[in-house]
Engineer: 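Input: one structure, supplied below.
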Amino acid sequence: MSAQTAVERAAERWVVWMRRWPTVESLAQAPLPEVLVLWQGLGYPRRARDLHRGARLVAADGWPSDLTALPGVGRYVAAAIRCFAHEEPVLPIDVNVARVLERRFPGGVDTAGDPWRAGQALMEFGQRVCRAARPACASCPVAAGCPWPGPLAPVVGTRPPRRRQPPYAGSLRERRGRLLRQVLADGRVPAAGADAAAAAGLIADGLLAAEGSWLLPPA
Ligand code: SF4
C-alpha cells in the first residue's frame, strides 16, 4: 500500500484492510470487486489486483521460495516481505537505507540478531537523521567512527532533480479511476457512453470485464 501512496494514508486503510482480511487465505477468498472497493483512494488499483492474485497463489501453493514470482513483487518488495513479515535477515534497501549504508556502514550491517528492528531502524534513521541534503551529524547517535566527511561534503547534486509530474486532473489515470469507481458502485455501466480509452486499459488490466454492451466489475 505504501509503495506509491503516502504512508499516513496507507496506514489508516491498512488497519481497516487487516480487520476485513487478516490472513492470506481470507484475502484469497474475497471477490476481486470487494478488494478493489476497499482499495479505493489509495490509487494504482493494479496493486490491489496483484495483491489479490498473489494471495490466491500463496493460499493454493504456499509461499514461493523466490517471492518475485508473485505478481507485482519486485526485488525490493520481496526483501521487505522477508524482513518485516518473515523476520529473515534480509535488508530491504530503499533510498534511505542505501544512503546510510554508503555513508556510515560501507562494509554492510549484520541484521541477523533482529532483522525486523534493524530494517525499521535503518529506514527511519536515513529518513530522519542521515538525511540526503542535511544530515544531522551533530546529533547523530552513531557519529563516532563515521567515515563520511559530514556536512562539509558537497551536497549539491546528491539528489537528482525532481521530475515534474504531469497534472492528475484530466489524465488517463484519473479517468480510469473514475470509470472503475462508477462500475464498482453501479454494478454495470453501458459501454457506449463510457470513456473508451479508460475502459480498454481497465479491461486489459483485468480490472473491468466487458459483456455485450456493458462494462462490469471483474469476475
Ligand atoms: S555522522 Fe552524519 S553522515 Fe555519519 S551516519 Fe551520522 S548523520 Fe550520517
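Whatever order the structure lists them in is the order used to number ligands and atoms, beginning at 1.
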Engineer: Apart from Phe105 itself, what residues make up its hydrophobic cluster, given side-chain heavy atom links below 4.5 Å?
Structural biologist: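 Val24, Leu57, Val58, Trp63, Leu67, Leu70, Val73, Tyr76, Val77, Ile81, Phe84, Leu91, Ile93, Val97, Val100, Leu101, Val109, Trp116, Leu122, Met123, Phe125, Val129, Val142, which link up through side-chain heavy atoms under 4.5 Å apart, make up the rest of the cluster.
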Engineer: Got a sec: does the CD of Glu25 have more than 12 other heavy atoms crowding it under 6.0 Å?
Structural biologist: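 Above 12, so yes.
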Engineer: Using 2.8 Å as the threshold, say whether any N, O or S atom from Cys140 sits that close to atom 8 (Fe) of ligand 1.
Structural biologist: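 Short answer: no, not a single N, O or S atom is under the cut-off.
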Engineer: Can you tell me if CZ on Arg75 sees more than 12 non-hydrogen neighbours from other groups inside 6.0 Å?
Structural biologist: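 At most 12 heavy atoms, drawn from other residues, nucleotides or ligands, come within 6.0 Å of this atom.
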Engineer: For Arg56, does the CZ atom have more than 12 heavy-atom neighbours from other residues, nucleotides or ligands under 6.0 Å away?
Structural biologist: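 Count over threshold, so yes.
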Engineer: Go through ligand 1 atom by atom and flag the ones less than 4.0 Å from a non-hydrogen atom of Arg104.
Structural biologist: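 Close to Arg104: 5 (S).
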Engineer: Below 4.0 angstrom from a heavy atom of Cys146, which ligand 1 atoms are there? Numbered from 1 as shown, please.
Structural biologist: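 Near Cys146, meaning under 4.0 Å from one of its heavy atoms, ligand 1 has 1 (S), 3 (S), 4 (Fe), 5 (S).
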Engineer: Do other residues, nucleotides or ligands put more than 12 heavy atoms under 6.0 Å from the CD atom of Gln4?
Structural biologist: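 Atom CD in Gln4 is packed in, count exceeds 12.
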Engineer: Near Cys130, which atoms of ligand 1 are under 4.0 Å from a heavy atom of that residue?
Structural biologist: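 Atoms satisfying the 4.0 Å criterion: 3 (S), 5 (S), 7 (S), 8 (Fe).
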Engineer: Need the ligand 1 atom indices (1-based, order shown) with element for anything under 4.0 Å from a heavy-atom of Ala143.
Structural biologist: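 Per the distance check, 1 (S).
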Engineer: Is there an N/O/S atom in Cys137 at a distance below 2.8 Å from atom 2 (Fe) of ligand 1?
Structural biologist: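 Coordinating: yes.
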